[in-house]
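Worth knowing before you read on, the calculation uses all heavy atoms, side chains too, and leaves out hydrogens, waters and symmetry mates. The residues of the chain are indexed from 1 along the displayed sequence.
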Amino acid sequence: MAATSLSIFCACPCSPSPRFQASPPPPPPWLSVCCHSHHLSLSPIDKTFTQIHNSGVIACLRANSAELALKAARAALTGGISVLEIVMSTPGVFEVLQQLAQEYPTTTLGVGTVLNVEDAKNAINAGAKFLMSPAMVKDIMVDAQCGEVLYIPGVMTPTEILSAYDSGAKIVKVYPVSALGGGQYISALKRPFHHISMVAAQGITIDSVREYITRGASAVVLSDAIFDKEAISQNNFNEIYQLAHFAALQGNEAVEW
């Protein structure tokens, strides 16, 4: 979503005519009238939403230890990833998130597989800018309406998509997309739901990023495609860096194409 820009220009005042002394009515309170361009700032949720759209790729990290998670995350972020999700099953997930938020303050960091309000609140306190779930968790959705963190619920069917959207979801995660038909499924869903932003998740390769985005996905979730399990087990973080770099390029090109 592009930043909203409101520009109002005032003409220089001329000498008042003696026949017209009445002052013009004041502008409504929500409108700031000035003699220069005025940019309305985006909310934190809108910023996160825009960053996800602009990146095209959400890197999804799960690791067997906090130490491995930190090393893998740093390699991916150095490689160009700008949106990173850390899965709840990662040991010390909140400590890892907090450390990364301090090291990469401008990066969009979030937590995935969030299934209850308590975990959602802990994630937010640790610095998460977005939360993802494999399904829609109603309590999290309710809390998200009054917060500053983007909630991305998981959906599978048209009914679930519409239900999440009507409940306030700004964007939904179509999961498990590869099992449902991949890019063709996204394309089919976007016909009736062209107004609903969708993230495609599960089983997506780096080579298919452009296809998914071309077919209507706002972004894709890449897990093993970036965080290769063998590379992590061998502490081959250069491989993670290379995969992340390739994925980030594919995402940027697909979004701009």
Same cluster for [X] and [Y] if Ile/Leu/Val/Met/Phe/Trp/Tyr side chains link at under 4.5 Å?
X	Y	result
Leu131	Phe94	yes
Phe130	Val137	no
Phe246	Phe227	yes
Val93	Val149	yes
Ile140	Leu97	yes

How far apart are the closest heavy atoms of [X] and [Y], and which atoms are they?
X	Y	answer
Ile81	Ala244	CG1-CB, 3.8 Å
Ala179	Gln202	N-OE1, 3.4 Å
Arg215	Ile186	O-CG2, 3.8 Å
Glu211	Gly183	OE2-CA, 4.1 Å
Thr113	Glu85	N-OE2, 4.2 Å
Ala128	Val111	CB-CG2, 4.3 Å

Cation-aromatic face contact Lys170/Phe49, 6.0 Å, 45 degrees: yes
If you draw a 6.0 Å radius around [atom1] in [X], do more than 12 non-hydrogen atoms from other residues or ligands fall strictly inside?
X	atom1	value
Phe237	CZ	yes
Asn236	CG	yes
Glu230	CD	no
Gln102	CD	yes

Any [X] side-chain heavy atom under 4.5 Å of [Y] side chain:
X	Y	value
Asp143	Lys121	yes
Ile171	Tyr151	no
Val172	Val199	no
Thr108	Lys47	no
Val174	Met156	no
Gln99	Val96	no
Val220	Ile58	no
Trp257	Asn252	no

Test side chain to side chain contact (heavy atoms under 4.5 Å, CB included) applied to His53 and Ser197, step by step: CA-CA 9 Å; His53 268 269; Ser197 296; 3.5 Å; yes
Intermediate values then yes/no, side chain to side chain contact (heavy atoms under 4.5 Å, CB included), Gln51 and Ser82: CA-CA 8 Å; Gln51 287 164 340; Ser82 58; over 6 Å; no
Has [X] got a side-chain atom pairing as donor or acceptor with [Y]'s backbone, closer than 3.5 angstrom?
X	Y	result
Thr214	Arg210	yes
Ser55	Val57	yes
Ser167	Ser163	yes
Ser133	Pro153	no

Under 3.5 Å side-chain donor-acceptor pair for Ser178 and Tyr185: no
Modelled atom types, side-chain donor and acceptor of Asn122 and Asn125, under 3.5 Å: no
Under the side-chain contact (heavy atoms from CB on, under 4.5 Å) test, residues paired with Leu162 that sit two or more places apart: Asp166, Phe193
Test log, rule side chain to side chain contact (heavy atoms under 4.5 Å, CB included), inputs Leu150 and Ile52: CA-CA 11 Å; Leu150 179 66; Ile52 290 174; 3.9 Å; yes
Euclidean distance, Ile152 CD1 relative to Met136 CE, rounded to 0.5 Å: 14.5 Å
Distance in Å, His245 NE2 paired with Thr78 OG1, rounded so as to fall on 0.5 Å steps: 12.0 Å
Residues Arg74, Glu103: salt bridge by 4.0 Å N-O rule: yes
Worked verdict on Leu189 versus Met198 for side chain to side chain contact (heavy atoms under 4.5 Å, CB included): CA-CA 9 Å; Leu189 290 174; Met198 302 178 189; 3.9 Å; yes
